Amino acid sequence: MKQIALYGKGGIGKSTTSANLSAALSDRGLDILQIGCDPKRDSTRMLMRGRLIPTVMDLVRERGDRSLTLDDVVFEGYRGVRCVEAGGPEPGVGCAGRGIIATFQILERLGALHGDVVVYDVLGDVVCGGFAMPMREGYAEEVYLVTSGELMSLYAANNICKAIKRLSSRAKSKTRLAGVICNAKNLPREDELVARFAEQIGSTMVQFIPRDPVVQLAELNKMTVIEYAPESSQAGAYRDLAGKVLENTRLDVPEPLEIEELESLAYEFIAI
Amino acid sequence: MSSSRSEGCTLTGALSITTAVRDAVSIIHGPRGCAHHNFSLFHTVAVDRGRPPPRILSSMVTEKDVVFGGEEALERALHRAVQMDPACIFVLTSCVADTIGDDTAMVCREDRPVPVVHIPTSGFLGGGFHDGERNALIALATMEDHGRPAREGPGGITLVGEKNLEYEVDQNYAEIVRLLSLLGVEVRLRFVREIDSREVGLLGRGSLNILRETGLTPVGEALEVRFGTPFISSFPLGLEGTLVFLSQVAESEGKTADPALEKEKRRQRALVEEFGDIRGRSVRLEGVTDPGEQEAVRELAELFDLSVDERGASLPLPSPFPAGTSGVRRVLHRWRARTRA
């Protein structure tokens, strides 16, 4: 079983990338489980044809965790992709990080964590130990950083490198950085910038995903690009990503940049 | 963080104050364990002293509350507390409630049939025992509007922050009452020791606050700002300290100190004579760190010509040091027993 996690800045397109990756992997006949770890629960929506599935935390809130069954929390989406949403509390109360931990414990108890590939789609940034849970407890063995060429996106990716570095130093940790995915914003020389960033942190850019209106169009139609426009070049990019994820054997302990290094790098590529 | 964690967390310190308000209920907003270990301690102390068990409730925060927020758990606990028909409710917070960011103060501000006072504690996050004790005293000082005055008229002494868990608390109180009687003044309020919540209304009427120990100075200052009441920073320690204490109280109360001082000096001379048999002994003195207590011990060592030697008899050094001349007498009794052993 391959366990991968996509981390990155909020709004960078992790859920879109995750859902299309899961769909592309599923097209290969693989058994895929996608777990959304964001309280706003939109990770699996396109795999579910626009349906917002009940979250594990919603069910815990309503019924407690003891009465939950596998069928309550796992929903079948595009081509059998099994979808789970962790959910969380209302904004401003409680501890969503603890919710993630509780969700993983429930999924483990229910025997949900199986398949050929488990895709963890994790909240925008590692804000607390709870969101580092997929890495910390060894659920996510391969971490992919999703970033664009924008400075704050690179900044978040660099911060996540710090978490990977710290957690990978633990004796039992299996978490490593598997690569960087550039989800482009159509900035000049964006692919070069992200590739240089990946190189400087001791990794590699595994896939450049161009910005394409078909992504919006697919989402308006409540589908992944893989399902909505399978012949499009954008779907091809996601399929390329799926192939690389399956074949990827490069796993690194990253070396995060100092903020000054990151700014210098971004400055080299800025268009004035 | 201003006090040692080894003495317990803020909850224990604050509960040592709030549970001394007889008609109140204290709620610990946190997991059951936080209430359990504190309740065990206070229950044991109460039973030991022949008093009813403390009224402590837990909001019983569970993992579910940690994830989704514990404010509703606190609401439920407040509802249970109201059913117990207390005169007021104190709400203390654990580490967990503060870690997940519950707005406890907001929940406490909502209208209820019973006054609800939020005590800033936060378990170990808020500091140690003494921080909880101080925070509780300062929070209770805002309560005076909640109760009607039990007695009319200004004046009288308020004792602030008696150590309710201290073994000798009642003996120390009796000594303070005795010393004050030499000056013809009396204790009007014990803030907080076995009082009803309405008696807190007397807090602003006192003419002088006497703090149990110097660590409570922030409380003395807060009361001085709020009510304009001057304070003496600790109970008297040692023989000379007792005389200074009498002079300070006399000055503050506009009394003549001389007759009281003369009477107390006679008592102290008799005491020194009574314990003449320990004079010149070889002893070991160690362990007292409070400057006031160190001074009291040093005074006795000099007064009785005790020679300090590592091979000498190890003398028990009570901490906190007992109050007044009577406190010195109790210490000397223990020293005599040890030097004879």
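Computed from a predicted structure; not experimentally measured. Below, read A as the first sequence line, B as the second, and so on, with proteins coming before strands; counting in each chain starts at 1.
Atom NE2 of B:His79 has 12 or fewer heavy atoms from other residues, nucleotides or ligands within 6.0 Å. Heavy atoms of other residues, nucleotides or ligands lying less than 6.0 angstrom from CD of B:Gln83 number more than 12. Taking a 6.0 Å sphere around CZ of A:Arg51, one finds it holds more than 12 heavy atoms contributed by other residues, nucleotides or ligands. Sparse packing is recorded around CD of A:Glu90, with 12 or fewer heavy atoms of other residues, nucleotides or ligands lying under 6.0 Å away.
Atom-to-atom distance recorded for B:Lys64:NZ and A:Met57:CE is 10.0 Å, nearest 0.5 angstrom.
B:Ile100 and A:Cys95 make their closest contact through CG2-CB, 3.9 Å (heavy atoms, listed as atom of the first residue, atom of the second, distance). Between A:Val60 and B:Phe68, the shortest heavy-atom distance links the atoms CG1-CE1, 4.5 Å. Of all non-hydrogen atoms in A:Gln105 and B:Glu63, the two that sit nearest each other are OE1-OE2, 4.3 Å.
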